[in-house]
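Notes follow once the structure below has been shown.
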Amino acid sequence: MTGVDRLLPIAGAAFRGSLRGSRTVALGAIAAVPTLIVVALAAANASSTQISDASLGLFGTLTLRVVMILVVLVIGVAQFRGEIEDDTLAYLTSRSVPRAVVAVGKYLGSVLACLVVLVPSALVPLAVAQAAGGSPIPSSTAFAVLATVILGTLAYDAVFLLFGLVSPSALLLGLIYGFLWEFLLSLLPGTIPRITLVYYLHALLGLSVTSGPLSGYPTVVSLGEAIAAPLGVAVAFVSLTAVLFRYEETAPLRSSA
Amino acid sequence: MSISAPRYAAGPVQLRGRLHRTLAILFRELQERAGAGTWFVMALTYATVVLTVVLGALFAPPGGASLSTFYSPFSSPAWPFLVLIVTTAVGSGAIADDLGNRSITLYLSRPIHLTDYLAAKASAVGVFIALAAIGPGVAGIVVLAGLGSISATLALSAIGAFIAVGLVTVVFFTGLAVALSSLSTKPLYAGVGIFGATFAAEISAETIGGVTGGTSIRYLGPFQDVQAAATGAFQTGASGTIDPLGASFLLLGAGILLLLGAWIRLARVEVVGE
Amino acid sequence: MTGVVDALAVTKRYGEVLGLNGFTASFGAGITGLIGPNGAGKSTLFRLLAGQLRPDAGTLSVLGQPAWSEGSFRRRVGYCPEQPAMYDWMTGKEFVVYLLRVDGYSRAEAEKRATQAIDTVGLTDAKARRVRVYSKGMRQRVKIAQGIAHDPELLLLDEPLNGVDPVGRAQLLALFTRLGRSGHHLIVSSHVLYEVERLTDQIVMISNGRALAQGDLHRIRDLIDERPHTIEITAREPRSLAKLLSGWDHVVGIEFVGPDRLTVRSRLPETFYRELPELVVREGAEISALHSSDDNLDAVFRYLSEGGR
């Protein structure tokens, strides 16, 4: 069998392992917040424009900046860190499967798991806004939102996968990256925000959405660059993870000897 | 091989009081949480806040610095993130670690009360959050007073205001961290919960409040409450939509309720072995 | 050295702690027992053999390949780790099937092999239950099942009998014996000498990260028996007792270590323990405690590590 054939069981296990038990409930609760806010607005008799604008605005402020970071952090970091802490990685690393295949399989499974949580989190508020009588949201906007979720997940998951492999403090590192680096640097003037991923995700929205709250993100990059940057980050970090995993000792640092 | 008649020789032992036992857990927890990651985020917090305070006062508009000048850290976008990261670094594992590795059994099988255990854990978390929420502001004022840039009266007032706002922040975030840490065996989930709960409440309050124009919903946002408390303590004169005193009591009350929730949760914990 | 597993001056550090300290040994065909007290370095050696850890120094080869390498040769090796952790959310069968599929087996073949392996370890009734609800003994069995399911040439079993009930132990020992007889090579670690004694005569003794002795168990025992056995006795009248014991041929030394205690050194401990009760009854000697600090494996290791070889 080829390495690709072995990807499927590893990706499948990573997917199933990521969405189980109380973790799913917790992630679901975080992902449901944007929808709940839109429902609350509808219940408060907000105007149709307000509901539509809020549902789109929440994608930029809450889903993209908070929900996506947290969901991908939990799932991405746990792929390696969870197994290293639980001491279960031995079952995979003692098998004949190349370690690079393990890394890529885990990445694909975790991306899929993230999307199962994040796609509804991004699109359901828009659907609820429509159902509650909000102004029509163009399908191109919904498509831009979906593309942003997919690209963001691909890029952030690759980053957090690496953090989980190399650092025992992956959570802290992930939070610092997700909320200090990605948030604060994107607020700075000049070209500094271009070293954040969120800049390109915002650029993608700004270039694809022509009206409404998501159209207001200024950018100097082209649509191609806005798509290529997150994809490039994803490929680079997954490759780096695969290479490092090949040379990484996978037992806990202190053994019972 | 060993054969001997059993003889129980242990006599009555005078145990030290509950305070000593609580302190033993507290000091252990302080040691545990004082890792490199915690100090790194703490250093980042001090650098950011001290700079904000000092530069804000040195470049104050004509008329010089007043108490309201020192409100600046609370309006900075960095402050909430830094406080939350410190809270996560020190609080996410406070109880989750003990639940995960089952050492909570060892604690609770000793002659200590659950209340003592929880008080010790909360105190340790609170100490670190206080270091991040109160310390940098006070340090900035001390630097300014040392440079002779502000009067002693103003310095004392500002320190008092930082302590007042810091304390309500400490109570709320300690309660949040301890409560969420008691719900999971993995610090990762507790940590993400701290961020998720705070931002979900914050953005909900802001969005719903912004659209509907309702003021009471804004009390839902923890950082909006902290900001409101700060506007009162630093006498900024800004007439916000949230009452400073009400926001302070809300944070204190929510923090205490969260701690109570953690107590109830731990009272129901059953720890089983393999 | 051209064994199934060859270790030459292998050193592994955990920070300042030495897991293995210049470990040199050769594990031959058939079943070899790796014996050592807790903390001796057994699990470190297994983790190195399984390719989880990299040696800091020395060379370690498994079936002629460097242990720290990946590739198809790993399909010839089965590993049953010591730690009880598994993917708790899978059923026992799913767990074995998953690892077989990772090894490259088709789903149908993996299902077939997993069912066989689970039957072999006696876990058929529980195969559809989640690992989370398994007892420690059941976890051991499913770990062994995943280790043997791909019919490896070499099976690494790290403390495989931990937590298994006596009946299960007998079954698993019989399984290991069967595997050994059918041409598989097994390395089985334990800190309980008699468990390994029932499996094989070939042992490697490890202590403090070093190989202390290697070869036939009975020869090593003979070497150990050359050393007098020390027994500490607490008695009401130690001097009278010493007088009686001094007449025994195999007693080579008596020392008073307290007002009511003496230590006796005997070359034949079994004879000593058989004759002592008779003496007590016959002479009415009052003995309140009897303790032998070296009547256990630790003492054997201490003896060997102190240079008794």
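Protein chains get the first letters and strands the later ones, always in sequence-line order, with residue 1 at the start of each. Computed from heavy atoms alone, side chains included, the values below leave out hydrogens, waters and symmetry copies.
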Which pair of non-hydrogen atoms, one from [X] and one from [Y], has the smallest distance, and what is that distance?
X	Y	result
C/Tyr98	A/Pro9	CE1-O, 3.3 Å
C/Ala85	A/Asp86	CB-O, 2.8 Å
A/Ala90	C/Gln83	CB-NE2, 4.0 Å

Check whether A/Glu248 gets within reach of chain C through its side chain, its backbone, both or neither, counting any heavy atom under 4.5 Å.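 Looking at A/Glu248, just its backbone touches chain C.
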What part of A/Arg20 gets within 4.5 angstrom of chain C, counting heavy atoms only: side chain, backbone, both, or neither?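 Interface part for A/Arg20: side chain.
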Whether the side chain of A/Glu249 engages the backbone of C/Arg54 through a donor-acceptor N/O pair (distance < 3.5 Å, no angle test) should be reported.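 Present.
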Nearest 0.5 Å, what's the [atom1]-[atom2] distance between [X] and [Y]?
X	Y	atom1	atom2	result
A/Thr93	C/Arg74	OG1	CZ	8.0 Å
C/Trp89	A/Leu19	CH2	CG	10.0 Å
C/Tyr87	A/Arg16	OH	CZ	12.5 Å
A/Arg95	C/Ser72	CZ	OG	14.5 Å
A/Ser96	C/Tyr105	OG	OH	8.0 Å
C/Arg101	A/Asp5	CZ	CG	8.5 Å

Residue-level interface, residues 140-154 of chain C with chain A, non-hydrogen cut-off under 4.5 Å: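 Within residues 140-154 of chain C, the residues that come under 4.5 Å of chain A (heavy atoms only) are C/Lys143, C/Gln146, C/Gly147, C/His150.
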Look at atom CH2 of C/Trp68 and say whether more than 12 heavy atoms of other residues, nucleotides or ligands are closer to it than 6.0 Å.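 Counting neighbours around CH2 of C/Trp68, more than 12 heavy atoms of other residues, nucleotides or ligands fall under 6.0 Å, so yes.
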Residues A/Asp87 and C/Arg47 bridged, charged N to O under 4.0 Å: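 Looking at C/Arg47 together with A/Asp87, the answer is yes, because their closest N to O distance falls below 4.0 Å.
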Can you tell me which portion of C/Phe95 sits under 4.5 Å from chain A's heavy atoms? Options are side chain, backbone, both or neither.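 Only the side chain of C/Phe95 comes within 4.5 Å of chain A.
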